[in-house]
Amino acid sequence: MAITSLPFVLNQFESEKYRYFIVRDEDGDIVLSQNDVIDAATAVQKLRSFFGNNFGAFTIEIFPQKLTSIRNMAEHDKKRCAKYKVDVTQEVLPGGVGGLTGMGAMYGSGGYGALTPDDPRSNAPNMFQVLGHLSSVEQQMR
């Protein structure tokens with residue numbers, strides 16, 4: 001399964017009005033479950049607040065209706081309508097790695113602006129800045 005960006009998943013939640021979901025950590029353990037009868041806006045807010053405080057690799061399973069049991073894996077497989085894998089880091093673009101801004105910062109401003117926010121290349125560092133930084137390190141070593 002490909003890694004999807006968190007903004008894309010949140011947009012899907014808002015547009016599709018998802019209400020029931022389970023978030024699993026990288027070990028497959030349930031870290032958050034929403035199986036209560038609530039409105040879609042509250043479900044999105046619950047997901048946003050979770051990812052505002054937690055970092056790492058997560059899998060989000062979405063269900064169109066309330067589950068009878070959160071622990072029943074067979075029911076999950078039958079009723080699941082979508083499944084996303086997200087990797088949430090502490091530092092989100094455009095801060096980048098070590099002060100280098102990623103190409104995602106150029107989104108919507110020409111150049112690599114054609115990349116969608118969920119494209120894995122949008123998280124790559126700008127190679128011109130990386131090479132410039134490496135050349136200055138090489139100069140200092142000499």
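Note that these values count all heavy atoms, side chains included, but never hydrogens, waters or copies made by symmetry. Nothing fancy with the numbering, it's 1 onward along the sequence. Remember, it's a predicted structure, so these values are computed and weren't measured experimentally.
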Visitor: On a heavy-atom basis, which atom in Thr4 and which in Phe8 lie closest, and how many Å separate them?
Guide: CG2-CD2, 3.1 Å
Visitor: To the nearest 0.5 Å, what is the distance between CG on Asn35 and CZ on Arg19?
Guide: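 If I round to the nearest 0.5 Å, the distance is 11.0 Å.
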Visitor: Please report the C-alpha distance between Phe51 and Val86 in whole Å, then the side-chain angles of each, then the deciding distance to 0.1 Å, and finally whether the side chain to side chain contact (heavy atoms under 4.5 Å, CB included) criterion is met.
Guide: CA-CA 10 Å; Phe51 284 116; Val86 295; 4.0 Å; yes
Visitor: Testing the basics here: between Ile22 and Ser33, what is the closest heavy-atom pair and its distance to 0.1 Å?
Guide: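 What the structure gives for the nearest pair is CG1-CB, 4.2 Å.
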Visitor: Flag the pair Gln34 / Leu47 as yes when at least one side-chain heavy-atom distance between them is below 4.5 Å, and no otherwise.
Guide: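 Result no, sub-4.5 Å side-chain heavy-atom pair not found.
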Visitor: In terms of hydrophobic clusters joined by side-chain contacts under 4.5 Å, are Val23 and Val44 together?
Guide: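 Linked within one cluster.
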Visitor: Take a 6.0 Å sphere around NZ of Lys17 and say whether it holds more than 12 heavy atoms from other residues, nucleotides or ligands.
Guide: no
Visitor: Working to the nearest 0.5 Å, report the span between CG of Asn72 and NZ of Lys79.
Guide: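 So the gap between those two atoms works out to 9.0 Å.
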Visitor: Please name the pair of heavy atoms, one in Thr59 and one in Lys85, separated by the smallest distance, quoted to 0.1 Å.
Guide: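 Minimum heavy-atom contact is OG1-NZ, 4.2 Å.
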Visitor: Test Phe21 against every option in Phe58, Phe13, Phe50 by the ring pair (Phe, Tyr, Trp, His ring centres under 6.0 Å) rule and name the one that passes.
Guide: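 The option that passes is Phe13.
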Visitor: At what distance, to the nearest 0.5 angstrom, does NZ of Lys83 lie from CZ of Arg24?
Guide: 8.0 Å
Visitor: Should Ile70 and Ile60 be counted in the same cluster of Ile, Leu, Val, Met, Phe, Trp and Tyr side chains packed under 4.5 Å apart?
Guide: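 Ile70 does not cluster with Ile60.
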Visitor: Roughly how far apart are Glu61 CD and Asp77 CG, rounded to 0.5 Å?
Guide: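 One gets 7.5 Å once the value is rounded to the nearest 0.5 Å.
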Visitor: Heavy-atom distance under 4.5 Å between the side chains of Asn54 and Val31, does that happen here?
Guide: no
Visitor: Considering all heavy atoms of both residues, which atom of Tyr18 and which atom of Ala43 are nearest to each other, and what is their separation?
Guide: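 Where Tyr18 meets Ala43 most closely, the heavy atoms are O-CB, 3.8 Å.
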Visitor: Could you tell me the separation between the CG atom of Leu32 and the NZ atom of Lys46, rounded to the nearest 0.5 Å?
Guide: 5.5 Å
Visitor: Would you compute the distance between atom CE of Met73 and atom CZ of Arg80 and round it to the nearest 0.5 angstrom?
Guide: 7.5 Å
Visitor: Determine whether a donor-acceptor pair (N or O, by modelled atom type, separation under 3.5 Å) exists between the side chain of Asp36 and the backbone of Ile38.
Guide: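 Here the side-chain-to-backbone pair does not exist.
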Visitor: Do Tyr84 and Gln12 have side-chain heavy atoms sitting under 4.5 Å apart?
Guide: yes
